[in-house]
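Report on the structure given below.
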There are 2 protein chains.
Amino acid sequence: MNGSNLQEHQTHLRALLEAYMAKKGLRSTEQRRLIVDEFFKAPAHITIEDLLSQVRAIDPKVGYATVYRTLKLLAECGVAHERRFHDGVTRYEIAHEDEHHDHLICVECGTITEFEEPAIERIQEEVAAKYGFSIQSHKHELYGVCANCRSRKRLT
Amino acid sequence: MNGSNLQEHQTHLRALLEAYMAKKGLRSTEQRRLIVDEFFKAPAHITIEDLLSQVRAIDPKVGYATVYRTLKLLAECGVAHERRFHDGVTRYEIAHEDEHHDHLICVECGTITEFEEPAIERIQEEVAAKYGFSIQSHKHELYGVCANCRSRKRLT
DNA sequence: CTCATTGCAAATAATTTGCATGTAA
DNA sequence: TTACATGCAAATTATTTGCAATGAG
């Protein structure tokens with residue numbers, strides 16, 4: 001995805017949010033705008049905790065609950081996805097233009113890498129068809145040791 | 001897997017547990033025996049809550065924490081696996097003889113179906129290799145609507 | 001006897017909610 | 001003005017832990 005597509009995609013997501021808020025009679029507040037802006041700038045798979053401190057660097061008065069509620073809102077309207085990996089903390093990720101990606105999670109350093117594999121997607125659909133199941137979403141995570149950690153271990 | 005293999009497998013798991021307990025100097029108590037027996041009889045993907053009431057039907061004095069600690073123990077020695085699906089509750093599953101299976105989860109009725117797909121396993125390994133990543137475990141869950149719920153919906 | 005285990009209750013951790021006050025529209 | 005939003009603190013939910021009493025080896 002090139003720069004202008006990224007730009008367009010963000011614009012699209014913001015429009016999605018705006019439409020959802022209009023439909024529900026929700027209001028655009030200073031806090032929400034700030035939280036949303038920071039969320040778009042934040043690294044993928046950010047936690048509420050981390051996003052809160054990023055937000056508080058700009059406005060220290062923002063409360064925990066507001067960030068929670070705003071991210072729930074983003075998740076509801078499809079702008080963000082909630083992800084829970086093995087550490088019991090919910091992480092949020094901007095909705096990708098292409099939703100078909102999964103995760104490699106390093107159990108040593110916690111690094112999360114995304115991958116995409118159309119062949120897996122296709123087989124998933126076959127499996128679902130076999131069971132008469134219609135897929136709405138999926139979660140596919142590989143836990144193990146990343147290349148970095150593996151080479152670090154070989155050195156020690 | 002036929003009946004005698006199932007039997008053998010259970011025996012194997014019990015031996016695994018016994019060995020682990022011996023190694024760690026842990027004791028075989030009435031509660032642990034009861035909880036483990038009930039766990040083996042319980043449906044797959046049982047919650048602590050449900051297992052506790054199953055256990056309390058036999059011995060009402062057993063505490064929540066004991067079930068927790070016993071299932072943690074089973075998970076540690078590889079007799080059970082902890083699974084967390086989208087509802088925020090930890091579920092436990094008996095370790096299968098064949099570990100390579102994944103889950104279809106119905107978002108309507110909550111039914112969890114297991115599936116096995118060697119082709120996906122193989123591609124996973126290819127993906128991992130591409131990133132220099134060594135897989136220790138994985139989680140692959142398909143969320144959607146099961147055949148039953150789909151036909152029920154068509155009728156209404 | 002010794003030390004792991006139990007059951008209870010209290011502690012944590014993550015998240016959610018109630019409510020008085022603030023503020024978009 | 002009206003009712004949604006905020007920030008705080010308190011409530012919830014799931015899980016974990018401390019500890020005195022109990023019980024296995």
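Naming: A, B, ... by sequence-line order, numbering from 1 per chain. Worth saying up front: this structure is predicted, and the values here are computed from it rather than measured.
As a whole-Å value, the separation of B:R56 CZ from C:dT6 P is 14 Å. Rounded to an integer number of Å, the gap from NZ of A:K24 to P of D:dA5 is 11 Å. Distance NE2 (A:H86) to P (D:dT15): 13 Å, rounded to an integer number of Å. At whole-Å resolution of the value, CG in A:L52 and P in C:dA14 are 14 Å apart. A straight line from NZ of B:K61 to C1' of C:dT6 spans 12 Å, rounded to a whole angstrom. Following rounding to the nearest Å, B:I35 (CD1) and C:dT5 (P) show an atom-to-atom distance of 12 Å. Taking atom CD of B:E49 as the reference point, atom C1' of D:dA14 lies 10 Å away to the nearest angstrom. Rounded to an integer number of Å, the gap from CG of A:L71 to C1' of C:dA14 is 14 Å.
Comment: B:E38 engages B:K41 in a salt bridge, judged by a side-chain N to carboxylate O separation of less than 4.0 angstrom. Salt bridge status for A:D37 with A:R14: present, with a side-chain N to carboxylate O gap under 4.0 Å.
Under the 6.0 Å cut-off for aromatic ring centres, A:H45 and A:H103 qualify, their centroids lying closer than that.
Nearest nucleotide to the A:V89 side chain, out of C:dT5, D:dG7, C:dA14: C:dA14.
The ring pair (Phe, Tyr, Trp, His ring centres under 6.0 Å) check on B:F115 picks up nothing, with sequence neighbours excluded.
The side chain of B:Q31 contributes an N or O atom lying less than 4.0 Å from OP1 or OP2 of C:dG7. Regarding contacts with the backbone of D:dA14, every side-chain N or O of B:R84 stays at 4.0 angstrom or more from both OP1 and OP2. For D:dT15, one of the phosphate oxygens OP1 or OP2 lies less than 4.0 angstrom from a side-chain nitrogen or oxygen of B:T90.
No hydrogens or angles considered: nothing links the side chains of A:T90 and A:R83 as a donor-acceptor pair under 3.5 Å. Side chains of B:Y20 and B:E18: a donor-acceptor N/O pair is absent below 3.5 angstrom, by distance only.
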What does the B/S/- profile of nucleotides 16-25 of chain D look like, 5' to 3', with a 4.0 Å heavy-atom cutoff to protein? BBB----BBS
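Note on residues 122-131 of chain B: pairs passing side chain to side chain donor-acceptor pair (under 3.5 Å), not counting sequence neighbours, are A:H140-B:Q124.
Along DNA chain D, the nucleotide nearest B:D87 and the nucleotide nearest A:G63 are compared for position; the residue whose nucleotide lies closer to the 5' end is A:G63.
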